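Okay, structure first, notes after.
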Amino acid sequence: SQSNVKYTVLFLYPGALFWVRWRAETQYKYNVFIADKAVEPDVSQNLVSGWTNGSAFYFPAMATVQDLKTSVYGADKAPKALRAGCYGRMMDDSDNLALAVRTFCKRDPKIVLWEE
């Protein structure tokens, strides 16, 4: 009984703390909202849950807006006229995501996807 507690304290707890800190230092968190119900990703294969607005996605510093779309929709499944932006400003697919959020979104990582 006490040996289980010992190994939890020695390995599991520090490992969890290291992982959370590593993710916070190496990746940026973005909250993704989809404005139109028509462009929500296909979640028919999910048995438990569907799409929820405000879902968190983590990306490295060099990720582009196209990487965000690919992560949300899957490879080659994003609608062609899909746009991303925040506070009324639109981002191009080739824009660096971290720089675009810093410049356009006033450092508020809430990205809205809509179809043009």
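Not measured: the values here are computed from a predicted model.
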| said: Please evaluate residues V5 and T8 with respect to the criterion side-chain contact (heavy atoms from CB on, under 4.5 Å), reporting the C-alpha separation (whole Å), side-chain torsions for both, the decisive distance (0.1 Å), and the verdict. | reply: CA-CA 5 Å; V5 173; T8 300; 5.6 Å; no
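Shown here for N53 and I34, the closest heavy-atom pair between the two residues is OD1-N, 2.8 Å. Here the closest non-hydrogen pair linking M91 and L97 is SD-CD1, 4.5 Å. Taking every heavy atom of both residues into account, A98 and A61 meet most closely at CB-O, 3.9 Å. Scanning both residues, A35 and V112, for their nearest heavy atoms gives CB-CG1, 4.0 Å. In terms of heavy-atom proximity, T52 sits nearest to S55 at O-OG, 2.5 Å. Closest approach of V43 and G50 over heavy atoms only: CG2-CA, 3.7 Å.
Counting heavy atoms from C-beta on, the side chains of D95 and D92 come closer than 4.5 Å. Counting heavy atoms from C-beta outward, N31 and F33 have side chains that approach closer than 4.5 Å. Inter-residue side-chain proximity for Q66 and S71 is flagged as unmet; no heavy-atom pair is nearer than 4.5 Å. Residues W22 and L17 fail the side-chain proximity criterion, which asks for heavy atoms closer than 4.5 Å. Taking 4.5 Å as the limit, some side-chain heavy atom of V32 sits within range of a side-chain heavy atom of L113. Using a 4.5 Å heavy-atom threshold, the side chains of L68 and F59 count as touching.
Here the CZ atom belonging to R83 is positioned 5.0 Å from the CD atom belonging to E116, to the nearest 0.5 angstrom. Put simply, CD on E115 and CD on E40 are 12.5 Å apart, with the number rounded to the nearest 0.5 Å. For the atom pair CG of N96 and CE of M62, the computed distance is 5.5 Å after rounding to the nearest 0.5 Å.
Partners of D108 by side-chain hydrogen bond (donor to acceptor under 3.5 Å, both in side chains), not counting sequence neighbours, listed by chain and number: Y87. Legend: residues meeting side-chain contact (heavy atoms from CB on, under 4.5 Å) with R89, ordered by chain and number and at least two apart, are F104.
A 6.0 Å sphere centred on OH of Y28 holds no more than 12 heavy atoms belonging to other residues, nucleotides or ligands. Within a 6.0 Å radius of CZ in R23, more than 12 heavy atoms belonging to other residues, nucleotides or ligands are found.
Distance alone, capped at 3.5 Å, places no donor-acceptor pair between the T103 side chain and the A100 backbone.
Linking Ile, Leu, Val, Met, Phe, Trp and Tyr residues whenever their side-chain heavy atoms come within less than 4.5 Å places Y73 and Y30 in a single cluster. When hydrophobic clusters are built by joining Ile, Leu, Val, Met, Phe, Trp and Tyr residues whose side-chain heavy atoms come closer than 4.5 Å, directly or via intermediates, I111 is grouped together with V39. Note: the hydrophobic cluster containing L82 also contains V72 (ILVMFWY, side chain heavy atoms under 4.5 Å, direct or indirect links).
Ring geometry for F57 against W51 counts as parallel: the plane angle stays under 30°, on a 0 to 90° scale with 60° as the upper cut.
Look at K77 and D42 and you find no salt bridge, because none of the NZ, NE, NH1 or NH2 atoms lies under 4.0 Å from a carboxylate O.
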